[in-house]
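These notes are about the structure you will find just below.
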Amino acid sequence: MSRTGKLLQLYAFESDQNAWNNKQIYLLDIPTVWREFIRQFYNGVKLPFAIKPLGKKLQSIFPQIVSVNNQFYLDENRPWLIATRPVPVGMILLLAKGWMNQIATRQGVAAPDDLDTSTMDWRSEAVDSILHRDSRLKYELLPALVAHQFCLSPKQLLLDNRDEPVELMFSQVYATQKAECMSEPITTRSGTFSYVVRFRLQYRAGEPERLLLMVSAGIRRFITKPQETKYLKGGINSTLLVSMDNPLIKDQGMGLRSYASLSFRREGGTEPYTRWSEGLDELFCDVLWGNPLSTEDILTNPVKYHSDRSPKIWVVHNNRVFNPLYVEAGISIQEKMKFYEMVRENVSDWRSLTPLPLVPKPKLEGARRRVREPIPPVYCGHDKDFVLEVWGPDSLYQCVVEALKAKKYKGKLLAEHVDGEVFRLNSSSRNRIIVVKCDRKDYVDGLDRGALKDLADEHRTNKILRSIEHVKGNQAITCSLIEILPKDDWKKLGEGIDPKQAVRKGFQLTGRITQFVYPENGAKKSKRKKDKPESSYIHKVFNCILDLLGDAGVIDYKAHMDVNEQRPIIAYDLVSGDKGTYAILTKLEDGVLMVKSRGSEEWLSLSEAVLKTDQFDPLPKAPDALKKEVARWFGEQLRMERMSGKEPIVLVEAELRYKGLDGIQNNKIGRGKNPDLPGWIQNDQGMTVIRVNSNDDVPAYGFRPMSFSIGVYSDNESGLYYGVGTKPKTQRNIAKSMTKYDNPETAFQQPRVVEYMPLGPMDRQDRERLAWMVHRLREVCITFESTTAQPYPLKMTGTLKKYLQFKEYEITEAEAEFLEL
């Protein structure tokens with residue numbers, strides 16, 4: 001893959017304050033009597049009901065409303081509503097009054113008195129004036145204004161392989177902390193989807209005065225077929241997008257639309273099986289002339305709500321709730337660039353970022369550069385055997401043996417067959433892999449929620465503890481590959497019977513690392529011609545073997561050699577579990593990853609840490625106490641490393657700037673100074689901190705000219721570096737001319753761009769070397785034949801998460817699928 005002449009284009013625009021200084025917007029204050037009415041229920045901490053549904057209701061009806069203050073009962077200085085054009089006050093108050101009356105009924109108090117609308121009106125004000133009073137508002141208001149402007153006119157999507165442009169009309173989607181524009185849904189033979197363009201305002205690390213308007217594009221997939229709600233997975237919030245006509249204006253037609261993002265969930269074993277997550281049953285009663293809006297009706301008859309009528313509702317696909325769709329996730333690199341250019345034409349007052357050049361790859365020094373003999377594909381830092389237990393039928397056992405005999409990792413056999421069930425790992429340590437067949441027992445069947453209810457998981461774990469012989473000694477690492485039914489097959493057994501977490505816990509307590517695999521014929525057959533189940537199953541099994549070996553500490557040998565770092569590399573991150581949040585420290589030294597957490601103060605190998613997560617102590621639950629302990633423990637561990645004579649390179653996840661490590665906040669760091677971190681002596685040159693950011697506040701990207709490319713890129717001024725890794729293996733046969741519009745059944749994925757920021761006094765050459773070192777760490781994990789989103793010491797904290805979470809947790813990532821790996 002040639003990188004010559006390629007420039008990295010970050011999809012972001014620099015804000016020009018003059019672009020909005022004189023723009024007029026309209027403000028409306030909440031009536032005092034309503035503020036006092038709501039305030040009576042406030043106990044100093046929270047309200048007994050949610051305020052947000054009222055704002056969502058208004059925004060689903062009036063696209064002109066671009067901002068709603070959901071804390072109007074506390075904040076008297078900030079307006080209640082901000083709009084691009086005034087909406088008749090009488091309409092606003094009439095619709096809000098219905099909600100106030102509902103609150104009064106639920107709380108058992110008198111409804112507020114009627115208002116004299118003649119005393120209320122919108123007032124006009126320049127954008128810069130309101131931002132001067134409340135600078136925090138810019139992060140919500142400015143992206144919303146850009147999104148509103150984007151939706152005012154149809155857009156032309158001109159794709160290279162089509163003679164005519166695709167005309168798209170966009171509507172605003174109101175959700176938390178972002179502004180979105182969603183195209184009218186596109187129906188294909190494979191299913192229905194919309195393009196989504198998202199805007200966020202963010203300032204850059206080390207440059208607090210440099211605001212960026214970030215633009216990303218993706219798709220949102222929809223459920224259009226009737227659902228059997230009693231079979232939906234319970235306890236998970238899913239999204240419905242709701243748009244309403246103004247009930248006070250008849251025959252208004254479609255016009256400009258806006259959607260509110262509302263959520264529902266499956267709960268209970270009797271009808272109705274689903275409900276609104278925020279108690280919204282009566283929210284739209286006045287808009288619908290007294291008719292209820294039922295989630296059951298929407299889900300069992302979704303097409304009823306797709307026509308040009310009110311309400312217009314779309315059920316957003318959720319991988320954890322609904323069956324897989326034939327419309328796959330993600331959009332092509334061509335479409336991403338076209339949407340970026342479309343936005344650039346629409347926001348001429350904002351300046352595009354200058355494309356970034358490639359940072360030359362540092363030359364390897366010393367023995368690594370002189371090595372010419374063939375190198376093994378993987379590296380293992382210990383000489384213990386791997387006992388690979390196969391819990392399943394004979395066909396799975398034979399598939400495991402065949403995978404070890406035939407499948408290659410990066411062009412080389414992972415292991416060589418010695419005899420019978422014994423293999424030898426293709427590494428310098430030559431560890432044995434001993435494959436053992438174990439009969440699949442009923443303790444990997446579904447849980448009995450009906451009789452045991454919430455005790456079902458604990459009951460299953462205890463049964464495993466009584467039934468399986470515990471691993472004795474530490475001469476070998478036992479890895480268990482367990483055949484388990486796919487989640488769709490549990491439906492006929494009722495809600496909440498997926499046993500994976502209970503089984504994982506039981507096996508962990510008997511001394512086993514686990515990985516699950518579905519039966520070869522367990523999942524539904526694909527209707528797409530490109531899928532060949534007979535050839536894909538052995539590949540899935542092989543990936544499971546890689547997962548198990550990766551969790552036991554096996555890494556990619558070439559990537560490990562390319563990192564070529566003599567100093568220990570320490571990484572710090574937080575992991576969520578059942579009992580709270582855990583502070584995790586990892587250390588990569590001489591190719592071995594060690595782990596430490598509060599409550600387990602000695603360094604453990606990754607495989608040992610996986611089996612001892614019960615010894616970890618969660619952080620305090622109170623937010624302030626958590627932040628203090630995050631900082632204290634981090635500082636304590638750094639001091640201990642320095643006292644032992646180590647000179648570590650410390651990788652810190654950027655998300656921790658909100659969770660205790662204030663010294664790495666965007667406005668407090670700079671490339672030429674050490675960060676203000678606990679445990680840090682400012683003139684101590686024995687440590688180097690690198691902030692690593694793979695979160696949503698890193699801009700989306702493309703390349704000029706349009707292509708795929710890899711490497712580390714920088715503007716050489718800010719001290720920020722951006723790394724793009726190799727494409728996922730599944731994407732290597734997808735031509736850059738392919739698009740989602742013409743290939744909806746194809747998944748499009750891009751490697752995630754990750755921001756690296758080496759901190760402290762050093763010259764440019766050292767910063768570039770460290771940026772490339774972190775980038776190469778993204779290739780060390782053997783789980784994927786691709787670059788991971790995070791460098792290896794941070795990536796592997798995800799392994800611990802599997803053993804710290806006994807329950808399933810809601811995925812809080814964005815709904816729209818902006819697919820990057």
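Residues Arg460 and Gln501 form no side-chain contact, since every pair of their non-hydrogen atoms from C-beta on lies 4.5 Å or further apart. A 4.5 Å side-chain heavy-atom check between Phe423 and Leu414 finds every atom pair outside the cut-off. Inter-residue side-chain proximity for Glu565 and Leu777 is flagged as unmet; no heavy-atom pair is nearer than 4.5 Å. Residues Phe386 and Ile434 fail the side-chain proximity criterion, which asks for heavy atoms closer than 4.5 Å. The shortest distance between side-chain heavy atoms of Trp391 and Leu396 does not fall below 4.5 Å. Residues His470 and Leu465 have side chains in contact (heavy-atom distance under 4.5 Å, counting atoms from C-beta outward). Between Ile482 and Phe507, the closest side-chain pair of non-hydrogen atoms falls below 4.5 Å.
Between the side chain of Glu458 and the backbone N or O of Ala456 there is no donor-acceptor pair closer than 3.5 Å. No donor-acceptor pair under 3.5 Å is formed between the side chain of Thr581 and the backbone N or O of Val575. Remark: side-chain polar atoms of Lys412 are paired, donor with acceptor, to backbone N or O of Ile375 under 3.5 angstrom. No donor-acceptor pair closer than 3.5 Å links the side chain of Thr799 to the backbone N or O of Asp551. Between the side chain of Asn237 and the main chain of Arg265, no donor-acceptor pair closer than 3.5 Å is present. Within the 3.5 Å criterion, the main-chain N or O of Ile545 finds no donor-acceptor partner in the side chain of Gln515. Between the Tyr572 side chain and the Val630 main chain, a donor and an acceptor come within less than 3.5 Å of each other. A donor-acceptor contact shorter than 3.5 Å links the side chain of Asn426 to the backbone of Leu413. Between the Asp573 side chain and the Ile584 main chain, no donor and acceptor come within less than 3.5 Å of each other. The main-chain N or O of Pro648 is found under 3.5 Å from a side-chain atom of Arg567 such that the two form a donor-acceptor pair.
Taking a 6.0 Å sphere around NZ of Lys384, one finds it holds more than 12 heavy atoms contributed by other residues, nucleotides or ligands. With a 6.0 Å radius and a threshold of 12 heavy atoms from other residues, nucleotides or ligands, Asp383 has its CG atom at or below the threshold. For Asp590, the CG atom counts as loosely surrounded, since its 6.0 Å shell holds 12 or fewer non-hydrogen atoms of other residues, nucleotides or ligands. Other residues, nucleotides and ligands place more than 12 heavy atoms under 6.0 Å from the CZ atom of Arg598.
We find that Glu629 and Arg632 are joined by a salt bridge, their nearest charged nitrogen and carboxylate oxygen being less than 4.0 Å apart. Salt bridge absent: Asp662 and Lys627 never bring a charged side-chain N and a carboxylate O closer than 4.0 Å. In summary, Arg657 and Asp697 engage in a salt bridge, as defined by a charged side-chain N under 4.0 Å from a carboxylate O. Ion pair Asp442/Arg440 not flagged as a salt bridge, since none of the NZ, NE, NH1 or NH2 atoms sits closer than 4.0 Å to an Asp/Glu carboxylate oxygen. The existence of a salt bridge linking Lys558 and Asp562 is confirmed by a sub-4.0 Å separation between a basic side-chain nitrogen and an acidic carboxylate oxygen.
Rounded to the nearest 0.5 angstrom, Asn474 CG and Leu611 CG are separated by 11.0 Å. Atom-to-atom distance recorded for Tyr397:OH and Glu389:CD is 12.0 Å, nearest 0.5 angstrom. Annotation: the span from Gln750 atom CD to Lys727 atom NZ amounts to 10.0 Å, rounded to 0.5 Å. In this structure, CD on Glu647 lies 12.5 Å from CD on Gln566, to the nearest 0.5 angstrom. If you take CD1 on Ile690 and CG on Leu770, they are separated by 4.5 Å, rounding to the nearest 0.5 Å. Atom CZ of Arg512 and atom CZ of Arg504 lie 14.5 Å apart (nearest 0.5 Å).
Test Asp547, Thr788, Leu546, Val554 against Thr783 for side-chain contact (heavy atoms from CB on, under 4.5 Å) and you get one pass: Asp547.
Of all heavy-atom pairs between Pro376 and Tyr557, the closest is O-CB, 3.2 Å. Minimum interatomic distance between Asp556 and Ile782 (heavy atoms only, all atoms of both residues): N-CG2, 3.4 Å. Of all non-hydrogen atoms in Ala415 and Ile433, the two that sit nearest each other are CB-CD1, 4.2 Å. Of all heavy-atom pairs between Phe634 and Leu677, the closest is CE2-CD1, 4.0 Å. Between Ser607 and Ile513, the closest heavy-atom pair is CB-CD1, 4.0 Å. The two residues Pro393 and Lys437 come nearest to each other via the heavy atoms C-CE, 4.0 Å.
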Open item on the list: Using side-chain hydrogen bond (donor to acceptor under 3.5 Å, both in side chains), reason through Glu755 and Asn695 one step at a time and then give a plain yes or no.
Closed with: CA-CA 9 Å; Glu755 181 184 273; Asn695 301 301; over 6 Å; no
- [ ] Step by step, work out the side-chain hydrogen bond (donor to acceptor under 3.5 Å, both in side chains) result for Thr613 and Gln508.
- [x] CA-CA 9 Å; Thr613 55; Gln508 176 199 24; 2.7 Å; yes
Task: Working for side-chain contact (heavy atoms from CB on, under 4.5 Å), residues Cys438 and Val436 - done: CA-CA 6 Å; Cys438 302; Val436 178; 4.2 Å; yes
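The stretch residues 603-619 participates, sequence neighbours left out, in these salt bridge (Lys or Arg N to Asp or Glu O under 4.0 Å) pairs: Lys505-Asp614.
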